[in-house]
Amino acid sequence: MAIQETGCLDYKELTGLRQVPSDVRYTHGPVAVIECVQCIPCNPCESSCSKNAIHIGDPITNLPELDEEKCIGCGICVSRCPGLAIFIVDKTYTKTTAAVSFPYEYIPLPKEGDMVRAVNRKGEYVCDGRIVKIMNPKSFDHTPVVTVEIPFEQADEIRGMERL
Amino acid sequence: MNNRIEEHAVLDTASDKETVEITVDGITIPAEKGEPILAALLANGIRINRYTAKKHEPRGLFCGIGQCTDCAMVVNGRPNVRTCITPVEAGMVIKTQEGIEGV
Amino acid sequence: MEKKEVVVVGAGPAGLAAAIEAAKAGAKVLVVDLNMKPGGQLFKQIHKFFGSSAHHAGTRGIDIGSELLEEAEKNGVEIWLNSTVIGLFPGNKVAIENGATGTEKKLVTVKAEEIIVATGASENVVRFKGWTTPGVMGAGAAQTMINVHHVKPGRRAVMLGSGNVGLIVSYQMMQAGIDVAALVEAAPKIGGYAVHAAKIRRAGVPIYTGHTIVEVCPGADGTVGKVVIAEVGSDFKPVPGTEQTIEADLVTIATGLKPVTELLRLMKCRLEFDGLFGGYVPLHNKRMETSVKNIFAAGDATGVEEASTALEEGRLAGISAAEALGYIVRSDAESEREIIWKRLDALRMGPFGERRMIEKNKILDEFNGKVGTPVPEFQEV
């Protein structure tokens, strides 16, 4: 996979793996997208999900599998993944926009309502986005989950924001 | 110049240490009691610790854990003190070391 | 001469885990560390660990460090900080430059029944023109300054090396407010975990694979001012004409670690060269005992791996030292060790882990072949 040469996944490399939702599932609401493609012994995502929607099992080097029917897109797993590799994508946010949630461990944190510069997996600026939600409870252990509203067409590409 | 990290996303960088004064080559700088001397120097933008004996080339922090001796300086008259693992005390007199025997 | 039942050299994850196990079993344990704070590299790891959620996964290294320290204190482990073990001598004598009791250091000799060497690893260097310029440092040094001492050793960095240390420290430098202008890697592929690389790419850090640093030029103040990188050919030599200059005042080198084994060498423990593990490592058996009776080793000193494996190897060594002293019966020690070895096997899986598994098995086999199992039977209680 190209990710080992560049550090960036091609979204097409992900589809077909069991960590990404089907097109149909995207039409039902927010859902987790687990961009984890290497077999490393690691399973906090599995134990973090209160809906048991993520399965790794034994051995713990197995890639996580998402049960898209059980997943409600709550975002807890986003804060628990040590690799910061899980995102929540809501392709039903509005008729023309989607919402992408990503882990953000930098300061300053943006505030709800702020406009930020949204970036793709290469860190390239794609478009401006509006921060619609910030989750930063103590249980997330200093991994805030930031949700940005962006044009619907960019939902598979936007995975972060430029630091403030 | 202040290179101290005042705020951090994960770490609590609020200092619980007492602020003291030390002098470096005659100039007084603020430092925190108990932090490594080298940290106080870096906080004040000082990155050269000594000059080599033969070619008079500058040296500074390299390993940070007391193994390489690039950070050695003269502290309270004693040369070859590894500043990365030696804690600050109030009133310490620190000099950039020349060669291996100090100034 | 002071006598201790167990002396552990190094208060990192392996050393502390060993001390806790031995102390829990009833042994009197002394841990000696040259740093002013215990915890080894753990207190610099502000990221969440991988691994099994049953064993510290998802917890930040700093928090694991605090938990270990608390447990050590709870179990009555004695720790001397600011104290360097300067030599080991026949008869298990440990020479210590003891700075634990004040700024004046005293030379002390301690007789230990069991010694556990958990001295970790130290950073490699790469020599390019200008490598001695102040502002060029090991990645670990930068990590220590930002995460432990909360000071920035520079403002804008070039990182050399794309293993996990290079990737993670680049991320942590950005968290500390230092710009990372580039990450440079000589190999054609990124050496560390893809997810670590992905998060620094998302933050806009360019990764130059197939490149190296050819020169660091000082600025007006004599410290790092500019960094020149170039492409490398398949022979890893710079290709003339491909140079690029990057403005930076900080160069951090993350080109591998090598086990610290001088003390083992002094006691004539059999060492073998292992490239994957970073250098010369001691032969040892499944009790983590070296080829010399009553000398154990654990953690990165036996081969560079991870904090999780260091913790488990430390536990093995602590249990085995306590067993040798008679505090644990052999059958109990064997079953505890078996559980820990299963956890180690799970950690040494996957494309990264299985290479380490192969090397560790080589070491165990070499021990059996060259040293045999003449390590005498421990006394049963």
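Sequence lines set the chain letters: A, B, ... in the order given, protein chains first and strands last, and positions in each chain run from 1.
- Only the side chain of A:I40 comes within less than 4.5 Å of a heavy atom of chain C; its backbone N, CA, C and O stay farther away.
- Only the side chain of A:I60 comes within contact range of chain C, with heavy atoms under 4.5 Å apart.
- Distance check, rounded to the nearest 0.5 Å: SG of A:C49 to CG of A:L66 gives 8.5 Å.
- Rounding to the nearest 0.5 Å gives a distance of 9.5 Å between CD1 of A:I72 and CD1 of A:I88.
- Ranked by heavy-atom pairs under 4.5 Å with chain C, the first of A:V119, A:V37, A:I107, A:L84 is A:L84.
- Note: C:I207 CD1 to C:L183 CG = 5.5 Å, rounded to the nearest 0.5 Å.
- Interface summary for chain A: among C:F49, C:F352, C:F50, the most heavy-atom pairs under 4.5 angstrom belong to C:F50.
- Per-residue heavy-atom pair counts under 4.5 Å with chain A were compared for C:G58, C:A57, C:A194, and the maximum is reached by C:A194.
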Pairs of donor and acceptor atoms under 3.5 Å between chain A and chain C, please, with atom names and distances.
from: A:Q4; atom 1: O; to: C:I190; atom 2: N; distance (Å): 2.7
from: A:Q4; atom 1: NE2; to: C:I190; atom 2: O; distance (Å): 2.6
from: A:Q4; atom 1: NE2; to: C:G192; atom 2: O; distance (Å): 3.0
from: A:T6; atom 1: O; to: C:R201; atom 2: NH1; distance (Å): 2.8
from: A:Q38; atom 1: OE1; to: C:A194; atom 2: N; distance (Å): 2.9
from: A:P41; atom 1: O; to: C:G51; atom 2: N; distance (Å): 2.9
from: A:N43; atom 1: N; to: C:G51; atom 2: O; distance (Å): 3.1
from: A:N43; atom 1: OD1; to: C:S53; atom 2: N; distance (Å): 2.6
from: A:N43; atom 1: OD1; to: C:S53; atom 2: OG; distance (Å): 3.0
from: A:S47; atom 1: OG; to: C:S53; atom 2: OG; distance (Å): 3.0
from: A:S79; atom 1: O; to: C:K48; atom 2: NZ; distance (Å): 2.7
from: A:L84; atom 1: O; to: C:R202; atom 2: NH2; distance (Å): 2.9
from: A:E105; atom 1: O; to: C:Q175; atom 2: NE2; distance (Å): 3.0
from: A:E105; atom 1: OE1; to: C:Y171; atom 2: OH; distance (Å): 2.6
from: A:E105; atom 1: OE2; to: C:R60; atom 2: NH2; distance (Å): 3.1
from: A:G123; atom 1: N; to: C:R201; atom 2: O; distance (Å): 3.3
from: A:F140; atom 1: O; to: C:K48; atom 2: NZ; distance (Å): 3.1
from: A:D141; atom 1: O; to: C:R60; atom 2: NE; distance (Å): 3.3
from: A:D141; atom 1: O; to: C:R60; atom 2: NH2; distance (Å): 2.6
from: A:H142; atom 1: O; to: C:R60; atom 2: NH2; distance (Å): 3.4
from: A:T143; atom 1: OG1; to: C:K48; atom 2: NZ; distance (Å): 2.7
from: A:T143; atom 1: OG1; to: C:R60; atom 2: NH2; distance (Å): 3.1

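- A:D90 CG to A:T147 OG1: the interatomic distance, rounded to the nearest 0.5 Å, is 9.0 Å.
- Options A:G160, A:P82, A:C39 differ in how many heavy-atom pairs under 4.5 Å they form with chain C, and the most are formed by A:P82.
- The closest donor-acceptor contact from the side chain of A:R25 to the backbone of A:P30 lies under 3.5 Å.
- Heavy atoms closer than 4.5 Å to chain A are found in the backbone of C:A346, but not in its side chain.
- To the nearest 0.5 Å, atom CD1 of residue A:I150 and atom CZ of residue A:R130 are 12.5 Å apart.
- Only the backbone of C:P188 comes within less than 4.5 Å of a heavy atom of chain A; no side-chain atom from C-beta onward does.
- The closest side-chain heavy-atom distance from A:F102 to A:I158 is not below 4.5 Å.
- Heavy-atom pairs under 4.5 Å with chain C peak, among A:P103, A:C36, A:C81, A:C8, at A:C8.
- Contact of the C:F43 side chain with the C:I62 side chain is registered, since non-hydrogen atoms from C-beta on lie closer than 4.5 Å.
- Considering only heavy-atom pairs separated by less than 4.5 Å from chain C, the leading option among A:A85, A:G7, A:C45 is A:G7.
- No side-chain heavy atom of C:V205 sits less than 4.5 Å from a side-chain heavy atom of C:M159.
- Here the side chains of C:L311 and C:L68 are in contact, with some heavy-atom distance below 4.5 Å.
- Summarising the geometry, atom CD1 belonging to A:I34 is positioned 10.0 Å from atom CG belonging to A:L63; distances are rounded to the nearest 0.5 Å.
- With chain A as the partner, the residue from C:A203, C:G353, C:G204, C:G177 showing the most heavy-atom pairs under 4.5 Å is C:A203.
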